[in-house]
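Report on one structure; see the data block that follows.
Reminder, nothing fancy here: chain letters follow the sequence lines and each chain counts from 1. The structure displayed is predicted, hence computed values, not measured ones.
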2 protein chains.
Amino acid sequence: MLVTIQQSVSDLSSAEKRVAQWILAHPKEAVGATLALVSRESGSSEPTVVRFCRRVGLNGFRDLGVRLAESLSSPASYVHRDVSPDDSSADAVLKVMDASIQSLIEMRSQLSAMPIDKAVAAMTNARQIAFAGLGASGHVARDACHKFFRLGVPCSSLNDTPMILQFASIAEPDDVLILLSHTGRWTEFSRAAELASGRGATVIAITNPESELANKATLLFPCQVIEDTSVYTPMSSRLAQLALLDAIHVALALASGETAVDRLRTSKNALNSLPDHAH
Amino acid sequence: MLVTIQQSVSDLSSAEKRVAQWILAHPKEAVGATLALVSRESGSSEPTVVRFCRRVGLNGFRDLGVRLAESLSSPASYVHRDVSPDDSSADAVLKVMDASIQSLIEMRSQLSAMPIDKAVAAMTNARQIAFAGLGASGHVARDACHKFFRLGVPCSSLNDTPMILQFASIAEPDDVLILLSHTGRWTEFSRAAELASGRGATVIAITNPESELANKATLLFPCQVIEDTSVYTPMSSRLAQLALLDAIHVALALASGETAVDRLRTSKNALNSLPDHAH
DNA sequence: ACAAGCATGTAGTAAAGCTACAACAAAATA
DNA sequence: TATTTTGTTGTAGCTTTACTACATGCTTGT
């Protein structure tokens, strides 16, 4: 709808053009606005607004609200600019959500290029799995640990470099080390990858494919780092990592067959059976 | 919107139920319908229709058309069945991603109904912010804490019930307590909400709108709990919570103006300037 | 220069959404 | 059981809304 208006703005009369411009500038307000409000804000009369609606192919003013509502929540707009300081907070919030959705959609499209089956195979036979991440990735690591341990495999999360290096240096061949890093720039991670894979462990890296870490890993899950052009840019890539780990988790549960599924169900029931108490 | 209606259909009176059923049966017609038409088709009076709208959380009948238009325009893709044991792992992985994307899209469509501005206002003037969550929500709480403290507001994350209750019992009027819970069933959370709001603090709940906790909170961010029909169902609602907190974070940064943005930039630069060392 | 055509606003109308009140039914209390 | 209370539903009326018919003013072409 907004693009339709944009296109037909050229063959509108000057008063109608004012209407179009106001709507394009304040699409969010225009949704659910009254005829009187639009005419006042755009500096033209009510019939002009109605005539504008007819001109862009609508039935009347009533239609405009509906169509604008539709187009504002349409998937075409998930690709948005970065948040800028003069955005209203409602705009900003929408943009952040759009960026998050977009990063998941991109991740989905690259899913077929990822070594999920190999990762699952390694994890099925693993003696233990360790998730390593610093800073924001640390939370992802902890989250993954919390999720995977319910499958019955011993899990741990490593959240500082000494722990990661220590784990790597005593890793055994049937251990799996999963390294989470957005940039892949920490040299300690590369060292850990070398150490662990040198000892025969499977090293899975979820990181920027351009990085040094990416080369050192046994299995690579490439995660495009969305450039942080703005300080506001949220950590949407972290969401993608979480979703990816969710996916791997489910794949692993399927591969492990009944036992793992039973364990999941049991631990879930354990939660449900005590609805009124803290653990 | 349609799911919101579906859920609240249970606590409606019989005449209102007729309205809900007609809308659910003819959503396409309901968009842009007039009050008279809906009342006639559903076999009830006009005020009943208006009362129905209020009951499901809308402002009035006018809102209904807009919200229905929004929810109908969201894409039907990405909605997949649950993962089933005979799925190939590639199928399963795609389904999990789709579910995650879908939950974000739903969250986005409900964004306009959320008290973001009020939450931001409370947090701007806050003496401190505390994020409370147990289990999987605990990771979300920690993540949020890690993110918000960079804005310069003192933050803490509370990850067990004693801590939460202790915080609530000594909360001060300009404190903000954010409670994260998927189900909203833990009675300790309700108690904490009562305690804290009794002492004048702002209590923000990110939880299931049907829960007791939802009623006790100062501000409610409703998060639809996607029914865990299958043990495989991932915690996609957790992703939505994270994304929502991202959004609030950005909105808060914008509202706080230059100082907060500067703090963000500074802390980001601090990371970039030491690319090769652990902290 | 004058008329034809178009753009724009004024005033009025029918209907839309909403509210106050009354009638009624169900539940709780005595 | 009688009576109050609570909640639900509809009628009537009010305000605002979207829209239309008409009048004014401006531009354009012959």
Side-chain angles (χ1 to χ4, degrees), chain A residues 1 4-5 7-24 26-72, chain B residues 1 4-5 7-24 26-72 112-113 210 215:
Chain A
M1 194 63 236
T4 312
I5 296 176
Q7 284 176 343
S8 47
V9 76
S10 57
D11 43 44
L12 290 175
S13 68
S14 68
E16 289 167 348
K17 229 173 254 174
R18 286 201 301 276
V19 179
Q21 274 157 7
W22 185 84
I23 292 176
L24 289 172
H26 311 266
K28 201 74 197 174
E29 285 181 61
V31 177
T34 90
L35 189 49
L37 189 140
V38 175
S39 84
R40 179 155 27 88
E41 288 294 319
S42 66
S44 46
S45 68
E46 298 187 4
T48 304
V49 177
V50 176
R51 277 190 287 262
F52 159 81
C53 296
R54 302 264 152 82
R55 198 75 80 95
V56 296
L58 295 168
N59 231 338
F61 180 78
R62 201 145 244 148
D63 253 14
L64 183 71
V66 175
R67 304 299 271 278
L68 278 178
E70 281 174 356
S71 84
L72 282 187
Chain B
M1 193 62 237
T4 312
I5 295 176
Q7 284 184 340
S8 45
V9 76
S10 59
D11 42 46
L12 291 175
S13 67
S14 68
E16 288 167 349
K17 231 174 251 173
R18 286 201 302 276
V19 178
Q21 273 157 8
W22 184 84
I23 292 177
L24 290 173
H26 311 90
K28 203 83 189 175
E29 285 180 60
V31 177
T34 92
L35 189 48
L37 188 138
V38 175
S39 85
R40 178 155 27 86
E41 289 294 320
S42 66
S44 46
S45 69
E46 298 188 3
T48 303
V49 178
V50 176
R51 278 189 286 262
F52 160 80
C53 297
R54 302 262 153 84
R55 199 76 80 96
V56 297
L58 295 169
N59 238 334
F61 181 78
R62 197 145 249 145
D63 254 12
L64 183 71
V66 175
R67 305 299 268 279
L68 280 178
E70 281 176 356
S71 81
L72 283 185
S112 55
E210 308 293 327
N215 297 322

Problem - Pair B:Leu64-B:Val49, side chain to side chain contact (heavy atoms under 4.5 Å, CB included): steps then yes or no - result: CA-CA 10 Å; B:Leu64 183 71; B:Val49 178; 5.6 Å; no

Practice task
Please assess A:Val19 against A:Ile23 for the test side chain to side chain contact (heavy atoms under 4.5 Å, CB included), listing each intermediate value before the final yes or no.
Solution key: CA-CA 6 Å; A:Val19 179; A:Ile23 292 176; 4.0 Å; yes

Practice task
Test B:Glu29 against B:Trp22 for side chain to side chain contact (heavy atoms under 4.5 Å, CB included), laying out the working first.
Solution key: CA-CA 10 Å; B:Glu29 285 180 60; B:Trp22 184 84; 3.9 Å; yes

Exercise for the section: Could you please spell out the steps behind the side chain to side chain contact (heavy atoms under 4.5 Å, CB included) verdict for B:Thr48 and B:Phe52? Expected result: CA-CA 6 Å; B:Thr48 303; B:Phe52 160 80; 5.7 Å; no

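Atom-to-atom, CG of B:Asp11 to C1' of D:dT8 comes out at 15 Å; the value is rounded to the nearest Å. Atom pair B:Leu12:CG and D:dG7:P shows a separation of 16 Å (rounding to whole Å applied). In this structure, B:Glu16 atom CD and D:dG7 atom P are separated by 13 Å, rounded to whole Å. Rounded to a whole Å, the CZ atom of B:Phe52 is 16 Å from the C1' atom of D:dT8.
Using a 4.0 Å cut-off, no side-chain N or O of A:Ser44 falls inside it from OP1 or OP2 of C:dA7. In terms of phosphate contacts, B:Ser13 brings no side-chain nitrogen or oxygen within less than 4.0 Å of OP1 or OP2 of D:dG7.
Residue pairs meeting the side-chain hydrogen bond (donor to acceptor under 3.5 Å, both in side chains) criterion with at least one member in residues 53-67 of chain B, sequence neighbours excluded: B:Glu16-B:Arg55.
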Practice task
Quick one, give me the B/S/- string for nucleotides 12-23 of chain C, reading 5' to 3', where B means a protein heavy atom under 4.0 Å from the base and S means that only happens at the primed atoms, P, OP1 or OP2.
Solution key: ----SBBB----

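A:Ser45 comes within 4.0 angstrom of a nucleotide base, judged by non-hydrogen atoms across all strands.
Shortest non-hydrogen contact noted between B:Ser45 and B:Ser39 is C-CB, 3.7 Å.
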